[in-house]
Number of protein chains: 2
Amino acid sequence: MDLPARQRSLREHNLAVVMRLVARNAPLSRAAIAAQSGLTRATVSAIVDELIAGGLVTEVSPPPPNGAGRPATGVVLSGATPAGLGMEINVDYLAVCVLDLAGNVRHRAHLTADQRGRTPSQTWSGLGALARAAHKAAVAQGLSIAGATVALPGLVSEQTVRIAPNLGWTETPIPAHIDGVPLSGGNEANLAALGELHALPGSEPSSFVYVSGEIGIGAGLVVNGQLFTGTQGWAGELGHVTVDPAGPDCTCGSRGCLEQYAGEDAIRSLSGLPSADLPRAAAEGSPPVLAALAQAGTALGVALSSAVNLLDLPCVVLGSHLAPLAPWLSPAIEHELQQRVLTSRWSTLEVRPSALGADAAIIGAARTVTSAIITSPAPYLASR
Amino acid sequence: MDLPARQRSLREHNLAVVMRLVARNAPLSRAAIAAQSGLTRATVSAIVDELIAGGLVTEVSPPPPNGAGRPATGVVLSGATPAGLGMEINVDYLAVCVLDLAGNVRHRAHLTADQRGRTPSQTWSGLGALARAAHKAAVAQGLSIAGATVALPGLVSEQTVRIAPNLGWTETPIPAHIDGVPLSGGNEANLAALGELHALPGSEPSSFVYVSGEIGIGAGLVVNGQLFTGTQGWAGELGHVTVDPAGPDCTCGSRGCLEQYAGEDAIRSLSGLPSADLPRAAAEGSPPVLAALAQAGTALGVALSSAVNLLDLPCVVLGSHLAPLAPWLSPAIEHELQQRVLTSRWSTLEVRPSALGADAAIIGAARTVTSAIITSPAPYLASR
DNA sequence: CCATATTAGTTCAATGGCTAAACAAATACC
DNA sequence: GGTATTTGTTTAGCCATTGAACTAATATGG
């Protein structure tokens, strides 16, 4: 339902306008902020003072003068106070990072540990230990953790993991707090897509399908800079798009699903080398591995073409275990996209590997915390 | 880019809050609007006065008193001034309707005429004649047409029809005005989905994939009450989702596309009865037609399962030529959805025929005009 | 070196939209 | 007829933004 606008709504909205401008273009002088926002210099001055008092922005030394007039003071996002804690529970590892408001990773930890034989409670406990260490490190750097988000390999809604097949989890509650910090959870592919979005240089592309490939395959969908999650947050199940209706049975109960062709186990099975280091074998030119990757690429291309036809997304980002395999998967993917996407004659379809690699999910998770403050600074300021 | 908030922004926002409440729940007293919006009675009174002065709402007689206290005056959307003109160019017909602010169809006209042998200029001219007659009829009823939208069977972006294969159009500009009224254009499936959205009783479901089936197949995607159009407005190309990667060649250059299985020509070809009245033959139990519909339903189910897995949409609405065939298509569609959609165990997937039938696109098109006024009344008020 | 032009940032009074409280209007009930 | 209740209006105060004026800090030309 719509919220009524009040006098205070003006200041809240314009705090966010200024924060977003500074986040995109720092350093920016007050006069430049005024010019770009359309607010007056008087208003911007008052807003910047409020943000400085709240520890969200800071001033930097002016650049060398390049003309007549008073030198400008630069305003940048502060690296000094609020930070976001991003975490990931995956099949083979737990990971955490602390991201400050300016987007710098201030702490990072990774624990290789098989989660498959452990109860959810044991896993949350292990993650809690990493979180405590991260929290401590952040405080030692003068940061305060404003919130935490954990990336999970499954369907997540209403603070519950509905199913994470590769962890063996069903209807598992996500704790409300971790080490005293408010905690929320999200799907790994969605959070990794958010991380990728912010790692892109400057402008384009801000629409893409991020493919997260492990045993299962998921996708994070970003449309014009916004994550698309569907009705209940369950969009992006690329791994269960039908490649061939009469294809092999899938664990989901269907047949011919993409993950039966391009999931990690499927590629190993296709190559006949169950324990191969796939990127290494591909780089060495192993014929069965190259053949398996070409087949997987074709299947990915078919499924991604359907995704692009439905969603109008001009770019495919290959993440997780698919990222190091991108050189061998991309040709087949691109070929299928070119053949099967109706709009390929008007817009160039691009396939590229993840810029953030294995850190995409934890950075994207931390980003949900910092982005919330940038997008809506007023609640944070009010809570101090 | 974000717009700065100004003093006037408060009134603009709250005009829209009130309009939206009245649109959803008319009639509503000023006191009820205040209670539901969170604004004070004093503010609501001033806002309603401004809307009444602008001809956007009107007062109705109070209902019978049912307790102590002054009787309330009801506020409803006005049927008396602004209206939207919705139009459709389809292969076999042109259609127009005039929709008032309260959602009533005040004029409707349909002209059966094959557009396939005509130039775009001839088609625009024919549509212009219908528009003039509709405009005249609206004025005679005391309405003024605030804007016009035309539904087209193809890809539309930047006031241009990029391609409409079944009309034979390529890079065809949409005129800026029609009979002196500002004109914009949109994809038929998208506009029909908007029409369906507003035809739903009360609340659920506000997320669905509307399947528009003619020779080609398109889809309008509605997620939590919002139309999803993708990066450039080209989302929803369901007809070119791959059903079988090795299937028959498609005119788009791909193979195994859904419209080769479930398009109107494809169903006729499958049944071996090229000129059959499909709904009638199905009702009479014609074996080749029933077999063809079962196959088409299976193919629709495979493609729609992929769409639902990707988009998290719990409902399928069958429109255009598929609507009267729904009783025979739905069983196979539902079967495939149940088998192939990962989330089918948590949410009930529904298949149903269009509520608006052949009028979905023209009503949805007119709705873009009236919805813009309800959602943002301030520009309309300022222009009077 | 000084006066002028220019740009950045601050100060101040006016404006308008919302609010809370008080008031007026119109009913039901005892 | 008096009191309670609900609806709708009036009024003065508050606050966030604005435009104009002012102050601060530089470059440039005579």
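Quick note on labels: first sequence line is chain A, next is B, and so on, each numbered from 1. All values below come from the heavy atoms of this structure, side chains included, with hydrogens, waters and symmetry mates left out. Computed from a predicted model, the values in this text were never measured in an experiment.
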Give one of base, sugar-phosphate or nothing for [X], where a contact means two heavy atoms less than 4.0 Å apart.
X	value
B:Thr40	base
A:Thr43	base
B:Ala31	sugar-phosphate

If you assign each of B:Ala46 and B:Pro4 to its closest nucleotide in DNA chain D, which residue comes earlier from the 5' end? B:Ala46
Mapping A:Leu39 and A:Arg70 onto DNA chain D by nearest heavy atom, which one lands closer to the 5' end? A:Leu39
Ranking C:dC18, D:dT7, C:dT19 by distance to the side chain of B:Ala42, first place goes to C:dT19
To the side chain of B:Pro71, which of C:dC18, C:dT27, D:dT18 is closest? C:dT27
[X] has an atom [atom1]; how far is it from atom [atom2] of [N], in whole Å?
X	N	atom1	atom2	answer
A:Glu59	C:dG9	CD	C1'	10 Å
B:Arg41	C:dA24	CZ	C1'	12 Å
B:Ile52	D:dG8	CD1	P	10 Å
A:Glu50	D:dC15	CD	C1'	12 Å

With a 4.5 Å limit on heavy-atom distance, are the side chains of B:Pro4 and B:Arg6 in contact? yes
Return yes if some donor-acceptor pair links the side-chain N/O of A:Arg106 with the main-chain N/O of A:Cys97 below 3.5 Å, else return no. no
We want to know whether [X] and [Y] form a side-chain donor-acceptor pair, criterion being a heavy-atom distance below 3.5 angstrom.
X	Y	result
A:Thr58	A:Ser78	no
A:Gln7	B:Gln7	yes
B:Ser144	B:Thr81	no

Give a yes/no answer on whether the side chain of B:Thr73 brings an N or O atom under 4.0 Å of OP1 or OP2 in D:dT7. no
Has the side chain of A:Arg30 got a donor or acceptor atom sitting under 3.5 Å from an opposite partner on the base of C:dG9? no
Heavy atoms from other residues, nucleotides or ligands near CD of A:Gln226 exceed 12 (cutoff 6.0 Å): no
Run through B:Leu99, B:Leu191, B:Asn190 and flag the one making a side-chain contact (heavy atoms from CB on, under 4.5 Å) with B:Thr368. B:Leu191
For DNA chain D, what residues of residues 5-14 of chain A have any heavy atom nearer than 4.0 Å? A:Gln7, A:Arg8, A:Leu10, A:Arg11, A:Asn14
